[in-house]
Amino acid sequence: MVRGVGRTEGTLQAGAVLAVLVATGVQAKSPGTWLLEVVWVLIGLPLVVALRKRFPLTRLLCWLLVLHAFVLCYGGQYTYAETPAGEWFQAWMGTQRNNYDRFAHFVQGFVPAIAVREVLLRRTPLRPGGWVAFLTVCVCLSIAVGFELVEWSSALVAGSGADDFLGTQGDVWDTQWDMFLCLCGAVLSLLVWRGTHDRQLAGR
């Protein structure tokens, strides 16, 4: 029996995500870019709510999804390259670019890793171990590649009009960094959360 969230906690989580969606959408620098960045939240939240009885998610995964939604909404509001948090980090570390998008791509591996692991352990004959970890990381990297292909397509179609969405900030290695940080996030997530996740999957 999966140890999921209660009704009150689930309502709190959904309400928090909706509040952040509204707040960042109203204040978005570029509404079109904001929509492109948060579309996964707009798809994912109703899906999780609709499936909460048939396929309740673990408490750990639910809170990680809330975190991911916040990261996407905040980045979408400021088009990633101009987030105040990233600018503060840039000034503090003396970097040449706003690295909030780097953090977001790390999270792109850190959160989906638990989601993929949960599906593999609950919907396939696989058991916790090396194969689950390997396949989880592979799926996360595949998702990262998919996003990079979407960005590439946007650049081909919109040209310089896609700059806010791409957020490369002139870095020719941006694509490689994005995928590498997704890999790092996925691996670290498995190392950090494996025990907690197994206990919640077992209902403990």
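For the side-chain contact (heavy atoms from CB on, under 4.5 Å) test, residues two or more places apart in sequence or in another chain that qualify with P84 are Y74, Y78. Legend: residues meeting salt bridge (Lys or Arg N to Asp or Glu O under 4.0 Å) with R52, ordered by chain and number and at least two apart, are absent.
Residue pairs meeting the salt bridge (Lys or Arg N to Asp or Glu O under 4.0 Å) criterion with at least one member in residues 126-145: none, sequence neighbours excluded. Listed by first and then second residue, the salt bridge (Lys or Arg N to Asp or Glu O under 4.0 Å) pairs that reach into residues 66-81 come to none, sequence neighbours excluded. Counting only residues at least two apart or in different chains, ring pair (Phe, Tyr, Trp, His ring centres under 6.0 Å) contacts with residues 38-70 comprise W40-F147. Sorted by first then second residue, the salt bridge (Lys or Arg N to Asp or Glu O under 4.0 Å) pairs that include residues 109-124, not counting sequence neighbours, are R117-D198, E118-R122.
In this structure, T196 contributes its side chain and W193 its backbone to no donor-acceptor pair below 3.5 Å. Q27 contributes no side-chain N or O that, together with a main-chain N or O of Q77, makes up a donor-acceptor pair within less than 3.5 Å. Checking side-chain atoms of S142 against main-chain N and O of C138 turns up a donor-acceptor pair under 3.5 Å. Judged purely by atom type and a 3.5 angstrom limit, N98 uses its side chain to pair as donor or acceptor with the backbone of T83.
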Apply the test side chain to side chain contact (heavy atoms under 4.5 Å, CB included) to residues M179 and H105: give CA-CA distance (whole Å), side-chain angles for both, the deciding distance (0.1 Å), then the verdict. CA-CA 7 Å; M179 291 187 290; H105 280 281; over 6 Å; no
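Here the CG-CG distance, from L65 to L45, works out to 9.5 Å after rounding to the nearest 0.5 Å.
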